Amino acid sequence: MSADSTTTVRMFGTLHTFREAHGLPSETEVAIPAEGCAARVLASELDLPLEKVDCVFVNHQIYSLDHCIHPGDEVAFVPAGVPGAIHGFPGGCGAGRGEGESA
């Protein structure tokens, strides 16, 4: 087995639009190291403007950008400004919460 494995990453809303405007796909396969990497690092590698990323869905759960992504995880970045009610958290999904916290 290789040291890296791929996972599909999706971008929602304005992040989807941002990527397409820059000639980049809004869904892409990326290599994730076996030890994982922070969502923040992955977002940077995908050229997403961090100030426009509110949180990340990983395996259908909401996390801050400090969350560690592992090979095979289902990953989707959520833009800032999406109403919190859409993902069950009043006031946004990632703003101000540390790793593992929930509303």
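The shown structure was predicted, so the numbers you read here are calculated from the model rather than taken from an experiment.
Pairs engaging residues 20-51 under the ring pair (Phe, Tyr, Trp, His ring centres under 6.0 Å) rule: F18-H22 [sequence neighbours left out]. Here side chain to side chain donor-acceptor pair (under 3.5 Å) pairs that include residues 43-52, with residues two or more places apart or in two chains, number zero. Residue pairs meeting the salt bridge (charged side-chain N to carboxylate O under 4.0 Å, His left out) criterion with at least one partner in residues 5-22, sequence neighbours excluded, are R10-E27.
Residues C55 and L65 come closest through the heavy atom pair C-CD2, 4.1 Å. Residues P71 and S5 approach most closely at CB-CB, 3.4 Å, considering heavy atoms. Among all heavy-atom pairs drawn from F12 and P79, the shortest one is O-CD, 3.4 Å. Residues D73 and C68 approach most closely at OD2-O, 4.2 Å, considering heavy atoms.
Not counting sequence neighbours, T28 has no partner by the side chain to side chain donor-acceptor pair (under 3.5 Å) test. Partners of H60 under the side chain to side chain donor-acceptor pair (under 3.5 Å) rule, at least two apart in sequence or in another chain, are E74. Under the side-chain contact (heavy atoms from CB on, under 4.5 Å) criterion, Q61 pairs with Y63, not counting sequence neighbours. Every residue meeting the side-chain contact (heavy atoms from CB on, under 4.5 Å) condition with T7, not counting sequence neighbours, appears here in chain and number order: V9, V30, I32. Under the side-chain contact (heavy atoms from CB on, under 4.5 Å) criterion, A43 pairs with L48, L50, F77, sequence neighbours left out. With sequence neighbours excluded, the residues that form a side chain to side chain donor-acceptor pair (under 3.5 Å) with S26 are H16. In this structure, the side chain to side chain donor-acceptor pair (under 3.5 Å) partners of R40, at least two apart in sequence or on a different chain, are D66.
Distance check: L24 CG to L15 CG gives 12.5 Å after rounding to the nearest 0.5 Å.
Side chains of M11 and L46 form a contact here, defined as non-hydrogen atoms less than 4.5 Å apart.
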